[in-house]
Amino acid sequence: MDFLSYLINGISLGSVYAIIALGYTMVYGIAKMLNFAHGDVIMVGCYIVFMMMGKAGVPPIVAILGAVVICTVLGMGIEKLAYKPLRRATSLAVLITAIGVSYFLQNSALLIFGADSKSFTSVVNLPNLQLAGGKLTISSTTLVTVIVCIVIMLALSFFIKKTKAGQAMLAVSEDKDAAMLMGINANATISLTFAIGSCLAAIAGALFCSAYPVLTPYTGSMPGIKAFTAAVFGGIGSIPGAFIGGILLGVIEIFAKAYVSSQLSDAIVFAVLIIVLLVRPTGILGKKIHEKV
Amino acid sequence: MKNLKKSSKDHLITYGILLLVYIVAEILIKTGNMSSLMQGILVPVCVYSLVAIGLNLCVGYLGELSLGHAGFMCVGAFCGAYTTKMLQGTINNEILLFTIALVVGVIMAALFGFLVGIPVLRLKGDYLAIVTLAFGEIIKNIINVLYIAKCSDGMKVAITDGGAIEVDEAIGEMWLVNGAKGINRIPHLSNFTIGMILIFVALFVVFHLVDSRSGRAIMAIRDNRIAAESVGINITKYKMMAFVISAAIAGAGGVLYAHNLSTLTATPTNFGYNMSIMILVFVVLGGMGSFRGSIIAATILTILPEGLRGLADYRMLIYSVLLISMMLFNWAPAAVNWKKKVMASINNKTSKKGQVE
């Protein structure tokens, strides 16, 4: 039973990573940049949900909607102000700028909300699920997290395959210049990608903080980095890859915590990243990209 | 002097400035004109300058971003401090003790640089950044669960389970590394002079490297990897060379850092991601590829917050804004074009003036 409950916890944590990893993977696929600030958008989302639920006393669903709207605007704003001017610059410049943005968000939150940790109330308040005559308890947060993740996955796949905007995203990620010649507005598409990614980050943030209810300005950076690991693990640029990578990473982390050492779990997760990159740099579902001269 | 190359002249200027700063600082200390607060940050300034020189080699010349230099610094610091603790009783000469610790720290940092380099240098850009970041976190994690004690019946090592080792300090047993409590009672061997010597040596090494054939190969790889490969440059070898030297210099910074403290612990503030970012800020603000700039930026940005305590809360925020605006100003195509235009118009004006006269 222990094993089963660890597995379920792992899948739940993995679902959160998967939702965050989707944001990374889409942005990476389209803008060819690692959006370091993605993890901090999660943190901003958490604070907004926290403030709206705690201070304004609105129902959780409204708070999440509010966070989604604000994070989406924030994500698009970051893209417009910091990344767009560097569209044709070297990747090193873009990466350092992204780190700067991440740092900016963290320190702004530090000044606005203070360094002390806030205890987050779960956005899910449903009764827990009892299975096998009470031997196995699945918390409602876990259940909701997994369901939300699956719904988001399916919706996103549908969006990309069936809608015009989704097809435009695919086209831009394949070849931006050719897509522009076909009349696709590449800038708007990139902006839309950031919007979707940030919107998912807000949802992921609310779910993550519901499961791990300690909120500080640095809350977002660790899950952010781990979700990036998940995206690389699954194959960056691939949506099902992000899902598989996220779930696997979550399960590995929880098992490492349970069976090896809770202090070493982060080290183990990162070791997985290094091994994956060593053995299969393109990840589980990634395509091998040949560099053109 | 006239026969010197432009780059050599430039290097001499850097050495000269450093020597001047050192002499002025020493005079100020000897005559009692330097506050104890300022004296206290002289060694940290040297530490950050060293690590910034190391990172600049990686970012400015190799063109790859490492977010793990705090990790290399951490390796250097712990290996150095560990060596000192081990040899403390046997070697009494402080300089010799520090030198041995330094050599061990630098070699270990270089070794880790090599080990990390194997997977990392097969990757490019963003992947490299994230793996080095992961490495830094792994190092910090492992050191926090590592327990090594010198007991009467030999050395004892434990991972995560520190309670398994019993240390009775009354009979001369002692902790060498005590998990999250780190290394205690490290002899204070660092001082400003040693720090300055280390900076001189590091500068000597990097200047020679970048002016050599190897250095040109490294820069060729940065500018165009495929073209460099096609003219027969061994990409892996030269990338590894730059990366290992860069890690080794960061390790030297770590050894200096460790011997300036009595208790060395691996916390997110000193060896975490934030430290790597801070060093990156020094490198970017000083100018990527300019070692002199790195030292100046590290010095100013270390002294300034100490002087302006009131701004301490805003310090990191200001850093981040500076970082973003520097990158946009220096790299955005629009800003680059604008700068070119301004420069051209200035040149035009001066040349016209010349014609009139």
Side-chain angles (χ1 to χ4, degrees), chain A residues 28 32-36 81-108 110-111 115 218 221-222 225-226 228-229 232 236 260-279 281 291-293, chain B residues 59 63-65 67 116 118-120 122-127 129-131 133-142 144-145 159-161 179-180 225-227 230 268 273-274 277 280-281 284 288 313-328 330-336:
Chain A
Y28 198 93
K32 299 284 176 289
M33 65 163 289
L34 167 52
N35 182 12
F36 242 96
L81 290 176
Y83 303 152
K84 198 177 162 196
L86 292 168
R87 198 64 50 77
R88 305 251 170 218
T90 61
S91 67
L92 186 67
V94 185
L95 190 57
I96 295 178
T97 310
I99 289 171
V101 173
S102 152
Y103 221 48
F104 176 78
L105 291 179
Q106 275 180 18
N107 287 294
S108 308
L110 195 65
L111 284 176
Y218 307 107
S221 62
M222 242 331 142
I225 294 166
K226 284 181 187 160
F228 179 76
T229 306
V232 173
I236 200 133
V260 187
S261 156
S262 60
Q263 288 160 303
L264 277 177
S265 66
D266 284 355
I268 291 170
V269 168
F270 289 126
V272 168
L273 171 74
I274 294 180
I275 293 167
V276 168
L277 288 175
L278 193 61
V279 180
E291 204 174 338
K292 280 174 243 159
V293 179
Chain B
V59 177
E64 299 285 9
L65 179 59
L67 293 178
V116 176
I118 297 170
V120 156
R122 290 172 48 170
L123 312 165
K124 289 190 296 278
D126 303 347
Y127 281 133
I130 206 90
V131 171
L133 172 61
F135 156 76
E137 292 298 318
I138 292 176
I139 286 291
K140 204 173 62 181
N141 253 302
I142 290 179
N144 274 322
V145 296
I159 289 174
T160 69
D161 189 19
R225 196 177 60 89
I226 296 171
S230 67
Y273 168 59
N274 280 355
I277 305 280
L280 181 69
V281 172
V284 172
M288 287 190 267
D313 291 345
Y314 296 94
R315 174 181 167 195
M316 292 303 173
L317 194 68
I318 294 169
Y319 280 7
S320 63
V321 173
L322 273 177
L323 194 62
I324 299 170
S325 33
M326 284 291 288
M327 288 324 283
L328 289 179
N330 283 338
W331 292 90
V336 173

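The greatest number of non-hydrogen atom pairs below 4.5 Å with chain A, out of A335(B), S320(B), S230(B), is found for S320(B). Considering only heavy-atom pairs separated by less than 4.5 Å from chain B, the leading option among L81(A), L273(A), I99(A) is I99(A). Per-residue counts of heavy-atom pairs under 4.5 Å with chain A were compared for L133(B), V59(B), I118(B); the largest is that of L133(B).
The two atoms that bring P333(B) and R88(A) nearest to each other are CG-CB, 3.8 Å, heavy atoms only. Of all non-hydrogen atoms in A271(A) and I138(B), the two that sit nearest each other are N-CD1, 3.6 Å. The two residues Q263(A) and V145(B) have their closest heavy-atom pair at CB-CG1, 3.4 Å.
Tested against I96(A) for a side-chain contact (heavy atoms from CB on, under 4.5 Å), the candidates I324(B), V281(B), L65(B), I277(B) yield a single pass: L65(B).
Interatomic distance, D266(A) CG to I142(B) CD1, rounded to the nearest 0.5 Å: 11.5 Å. Note that CD of E137(B) and CD1 of I225(A) are 6.0 Å apart. Values are rounded to the nearest 0.5 Å.
Dense packing is recorded around OH of Y83(A), with more than 12 heavy atoms of other residues, nucleotides or ligands lying under 6.0 Å away. Within a 6.0 Å sphere centred on NZ of K32(A), heavy atoms belonging to other residues, nucleotides or ligands number more than 12.
For S265(A), no part lies near chain B; criterion is any non-hydrogen pair under 4.5 Å. With a 4.5 Å cut-off on non-hydrogen atoms, L111(A) touches chain B through its side chain but not through its backbone. Proximity to chain A (any heavy atom under 4.5 Å) is shown, for L322(B), by neither the backbone nor the side chain. If you measure heavy-atom distances from L317(B) to chain A, the contacts under 4.5 Å come from both the backbone and the side chain. In this structure, chain B has a heavy atom under 4.5 Å from the side chain of F228(A), while its backbone stays farther away. Looking at L323(B), the atoms closer than 4.5 Å to chain A (heavy atoms on both sides) all sit in the side chain, from C-beta outward. Proximity to chain B involves both the backbone and the side chain of T97(A), based on heavy atoms less than 4.5 angstrom apart. Only the side chain of M288(B) has a heavy atom closer than 4.5 Å to any heavy atom of chain A.
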(request) Run the numbers on F270(A) and I139(B) for side-chain contact (heavy atoms from CB on, under 4.5 Å), then give the verdict. (result) CA-CA 10 Å; F270(A) 289 126; I139(B) 286 291; over 6 Å; no
(request) I would like to know whether I268(A) and N141(B) meet side-chain contact (heavy atoms from CB on, under 4.5 Å); could you show each step before the answer? (result) CA-CA 10 Å; I268(A) 291 170; N141(B) 253 302; over 6 Å; no
